[in-house]
Amino acid sequence: QEQLIESGGGLVQAGGSLRLSCAASQRTFSSYGMGWFRQAPGKEREFVAAIAWNTVYTFYADSVKGRFTISRNNAKNTVYLQMNSLKPEDTAVYYCSATIGGIYSMNEYVYWGQGTQVTVSS
């Protein structure tokens with residue numbers, strides 16, 4: 001079973017940047033599509049970004065398009081989320097996840113990390 005550990009969250013002012021990392025435990029990491037999701041207080045978890053195993057395909061939620069970039073390094077078993085031009089509404093716990101299916105199939109993300117808090121102050 002894949003274990004995922006996020007890091008890189010913190011407190012940042014609006015307009016600032018953060019880079020989240022997600023380290024995976026298994027050497028099979030390179031075969032999984034990976035995604036980032038977030039959950040704000042009182043809200044449901046929502047999709048943020050995803051990247052295919054071969055890095056060829058990525059896609060983003062409209063709310064982060066042009067500001068966030070997902071990438072991965074399969075040699076390091078790590079996926080990243082570079083977040084620029086952060087807004088207070090980006091405040092949430094961010095989770096990385098591995099999918100056993102396609103990156104567009106939200107119900108196939110079955111492995112989850114514990115989350116990392118991102119707080120954006122105005």
Measure the [atom1]-[atom2] distance between [X] and [Y] for me, rounded to the nearest 0.5 Å.
X     : Y     : atom1 : atom2 : answer
Asn77 : Gln3  : CG    : CD    : 12.5 Å
Glu6  : Leu4  : CD    : CG    : 7.0 Å
Met34 : Thr58 : CE    : OG1   : 14.5 Å
Gln82 : Ile70 : CD    : CD1   : 12.0 Å
Leu20 : Met83 : CG    : CE    : 4.0 Å
Tyr95 : Arg38 : OH    : CZ    : 13.0 Å

Is there side-chain contact between [X] and [Y], with heavy atoms separated by less than 4.5 Å?
X      : Y      : answer
Tyr80  : Arg72  : no
Trp36  : Ile51  : no
Thr99  : Val110 : no
Thr119 : Val12  : no
Val48  : Tyr60  : no

_Same apolar cluster (I L V M F W Y, side chains within < 4.5 Å links), Ile100/Val79_ = yes

_hydrophobic_cluster_shared for Val93 and Val64, side chain cutoff 4.5 Å_ =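 No, Val64 does not connect to Val93 through the hydrophobic network.
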
Shortest non-hydrogen contact between [X] and [Y], atoms and distance:
X     : Y      : value
Thr91 : Val120 : OG1-N, 2.9 Å
Tyr57 : Ile103 : O-CD1, 3.9 Å
Ala40 : Ala92  : N-CB, 3.8 Å
Ala24 : Phe29  : CB-CD1, 3.3 Å
Pro88 : Ser122 : CG-CB, 3.8 Å

*Identify, with sequence neighbours excluded, every residue that meets ring pair (Phe, Tyr, Trp, His ring centres under 6.0 Å) alongside Phe68.*
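Scan of Phe68 (ring pair (Phe, Tyr, Trp, His ring centres under 6.0 Å), adjacent residues dropped) gives none.
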
*salt bridge (charged side-chain N to carboxylate O under 4.0 Å, His left out) contacts touching residues 51-69 (sequence neighbours left out)*: Asp62-Lys65, Arg67-Asp90

*Are the side chain of Asn74 and the backbone of Trp53 linked by a donor-acceptor contact shorter than 3.5 Å?*
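Yes; at least one donor-acceptor contact below 3.5 Å.
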
*asked:* Hydrogens and angles aside, do Asn73 and Thr78 bring a side-chain donor and acceptor to less than 3.5 Å of each other?
replied: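 The answer is no; no qualifying pair exists.
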
_Show me the pairs that pass ring-ring contact (aromatic ring centres under 6.0 Å, His included) and involve residues 100-122, at least two apart or across chains._
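Residue pairs passing ring-ring contact (aromatic ring centres under 6.0 Å, His included), neighbours aside: Tyr32-Tyr111, Phe37-Tyr109, Phe37-Trp112, Phe59-Tyr104.
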
